[in-house]
Amino acid sequence: MKKTVILLVCATLIGGCTPRSEAERFADNLLKKMTLREKLGQMSQFAPSTGVVTGPDGDPIDVYAMIKAGEIGSVLNLKTPQEIEHMQRIAVDSSRLGIPILFGHDIIHGCKIIFPINLASACSWNLDAVRKSASIAAYEASAMGIAWTFSPMCDVSADPRWGRVSEGAGEDPYLTAKMSAAMVEGYQGASLADSSTILSCVKHFAAYGAPEAGRDYNTVDMSERMFRDRYLPPYKAAIESGAATVMTSFNDFDAIPASGNDWLLKTLLRDELGFDGFVVSDYRAIEEMMAHGTAADMNEAAGTALNANLDMDMVSGAYLAYGEALVEEGIVSEKEIESMCRNILIAKYKLGLFDDPFRYGGADRFDKSIYKEENLESAREVARESMVLLKNDSGLLPLDSGERIALIGPFVSSPRAMLGSWTAFRDFDRTVTVDMGFKSRFPGRVSVAKGCDAFDDIEGGIADAVRAADKADVAVLVLGLPGELSGEAASMTSVELPDCQKKLLSAVRQTGKPVIVLLATGRPMALESVIDDIDALLLVWHPGTMGGHAIADLVSGDFSPSGHLAMSFPRCDGQIPVRYNYKNTGRPADGVGLRSTNSRKIYQSCYLFTPNAPLYPFGYGLSYTEFSFDSLEVLTPEVALGESVRIRARVSNVGNREGAAVAQLYMRDLVASTTRPVRELKGFEKLFLKKGESRFVEFVLTPDDMAFCRKDMEFAQEPGEFKVWIGDSSDAALEGVFVVK
Ligand code: BGC
């Protein structure tokens with residue numbers, strides 16, 4: 001009797017007899033009816049809106065015939081609700097099993113209403129606002145029939161040469177983890193069955209943010225320890241918050257392209273992180289294994305990706321073309337294909353697509369759902385919160401005394417500069433440009449002069465700008481980089497201001513009028529060579545549809561800036577990559593290597609002539625009011641391994657108006673079995689304080705927060721002494737200590 005019970009328990013555990021969910025049962029039943037080709041079809045995604053669609057051999061594909069044959073499981077990049085509905089109709093009515101298509105799109109920072117680029121939103125340090133932006137994006141996208149976004153990008157990067165920094169949350173693993181998780185929650189909501197939520201996609205797995213020399217798609221090679229400490233946490237956090245899908249990256253990782261990397265996709269993603277959704281390749285990334293030189297042909301590339309358990313092929317067509325033969329030859333097992341296809345069917349089931357393939361609405365719902373007033377207001381709020389006041393000599397900003405304003409620069413009237421990259425559904429005519437925002441907030445006080453183009457002089461441009469500045473009380477220059485020059489395939493060797501803009505700035509400076517710069521950019525820029533010509537500097541990023549109004553909200557003083565940098569701003573190109581969480585080295589620097597050519601060289605880890613510190617560090621940002629931090633107290637100065645540490649400090653608004661402070665907690669593990677960063681962000685809280693108001697912030701540092709990849713490769717805590725700081729940037733000075741026994 002006893003034996004039978006034990007046997008039964010074992011059979012349950014070993015034989016996978018854990019109770020199946022409804023979704024799993026549904027998928028298993030459906031799989032029984034599917035041919036191998038139909039399974040491979042579900043695992044294939046195509047992009048018919050990109051013009052001529054070609055198959056693996058370059059032949060044109062008849063998409064509709066393929067849908068009817070059950071050969072397409074997912075489609076990306078359709079542009080209208082009508083197109084989506086039409087295609088879904090064909091899949092459901094004319095294919096043998098009527099399996100609905102999963103429509104995906106890059107809804108990266110908004111759908112119709114464009115929110116600030118992701119790097120900017122991260123500077124808000126406001127998780128509720130970021131979560132809400134993602135849920136509004138999902139609300140608008142789902143109304144079109146889109147059920148899947150390829151977001152959030154969880155790639156950590158400290159390299160502003162890499163254009164895709166605009167899509168992430170900057171250089172810090174902790175902040176990026178929090179932002180990524182909040183986005184997943186926003187897109188997916190409480191239930192995927194809700195018709196306003198969509199699948200999110202954690203990308204780009206893995207370490208795509210560390211390409212050599214900041215060049216997009218380039219080789220990534222680093223120690224497993226560095227990967228686990230610095231790059232893995234955001235992917236992990238997003239998966240833990242329930243992300244339904246993961247996208248592989250274009251790069252190789254430890255010399256194996258990510259899309260064929262079974263350590264990444266099986267050992268780490270499935271076995272260790274416990275991910276149970278489905279994985280999609282990046283665009284043609286399976287095919288690209290040939291260029292990487294790890295597959296001789298598409299057949300081999302398909303086999304490698306299938307054997308790495310990459311569930312869905314984005315666009316290369318390799319699975320459909322070679323999958324059956326690979327099974328026949330015994331290179332790939334049909335059982336594994338079945339389990340990959342099952343992951344996809346389960347996602348479709350969870351979305352409710354099998355109940356109602358048209359559940360998202362279509363043209364009618366779409367028209368009613370986009371550009372809602374309250375959602376535009378949310379976009380304006382988060383844009384405001386994402387801007388960072390970097391300099392404000394003698395309180396030049398805000399302009400609240402009736403000043404006449406000369407609004408100058410290449411981006412003054414540019415909707416594109418407000419939007420940034422990845423804005424497939426943008427409407428320029430719904431975008432509030434800087435001049436529109438200024439004219440509506442400062443009626444009768446604004447004159448406009450372009451001055452120059454982004455990269456080129458324009459005839460008479462500088463003379464016009466100087467004339468405008470002469471006639472005004474203050475010159476406001478909108479400088480930076482065009483919106484389309486960030487994002488994918490937008491790497492640059494210099495992040496300085498283009499020469500023509502430097503010339504414009506210097507000419508306006510010479511008028512003697514106070515100079516304010518509004519910096520529109522998708523990446524940190526190196527401003528040391530021009531910073532002395534600027535009295536006040538407000539980093540506005542690419543702030544989205546409501547950008548012009550949000551900028552005017554801050555410039556006018558209607559609101560106080562509260563953004564803090566999610567990525568350090570280097571002094572000059574040669575400092576890149578520069579980050580706050582560097583390691584001490586054996587020869588830590590306390591100065592510059594040489595102050596002048598005849599001074600003595602110092603043998604420290606530093607540059608000759610240039611300090612190591614960036615121009616503006618991670619976490620930095622000013623306000624129109626002032627905050628002070630004091631009374632730091634470690635409430636638990638001695639704890640045992642496995643116990644949490646509590647730390648608090650008082651934050652006071654000691655300036656002349658209300659505003660929001662960002663209290664940041666940093667930690668340093670003083671002696672460990674591996675070298676540790678000099679500081680690591682471990683907590684933050686944004687607090688709104690009235691003039692004269694004080695409040696205590698309390699942080700709890702958990703054993704997980706203290707964990708790192710130890711010498712023995714365990715990700716865990718170690719005993720020892722720790723330092724902590726609380727303040728409003730990574731330079732925070734207020735410190736305390738604690739000991740873990
Ligand atoms: C990008 C992905 C994107 C995909 C689909 C690729 O080029 O790297 O981030 O989701 O295209 O558009």
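This one's a predicted model, so the numbers in the text were calculated from it and none came from an experiment. Counting convention: from 1, in listed order, for ligands and their atoms alike.
- Between R164 and D155, no side-chain nitrogen of the basic residue sits less than 4.0 Å from a carboxylate oxygen of the acidic one, so the salt-bridge criterion is not met.
- For ligand 1, the protein residues placed under 4.0 Å by at least one non-hydrogen atom are L76, D106, F150, R164, K203, H204, M247, F250, D282, Y283, M314, W422, E488.
- A salt bridge links K236 with E240; the closest basic N to acidic carboxylate O contact falls under 4.0 Å.
- Here R579 does not pair with E171 in a salt bridge; the nearest charged N to carboxylate O distance is not below 4.0 Å.
- Seen from the ring of W422, K203 counts as a face-on cation partner, given the 6.0 Å and 45° thresholds.
- The pair E224-R228 meets the salt-bridge criterion, since a charged nitrogen lies less than 4.0 angstrom from a carboxylate oxygen.
- For the pair R430 and Y371, the cation-pi criterion (under 6.0 Å, within 45° of the ring axis) is fulfilled.
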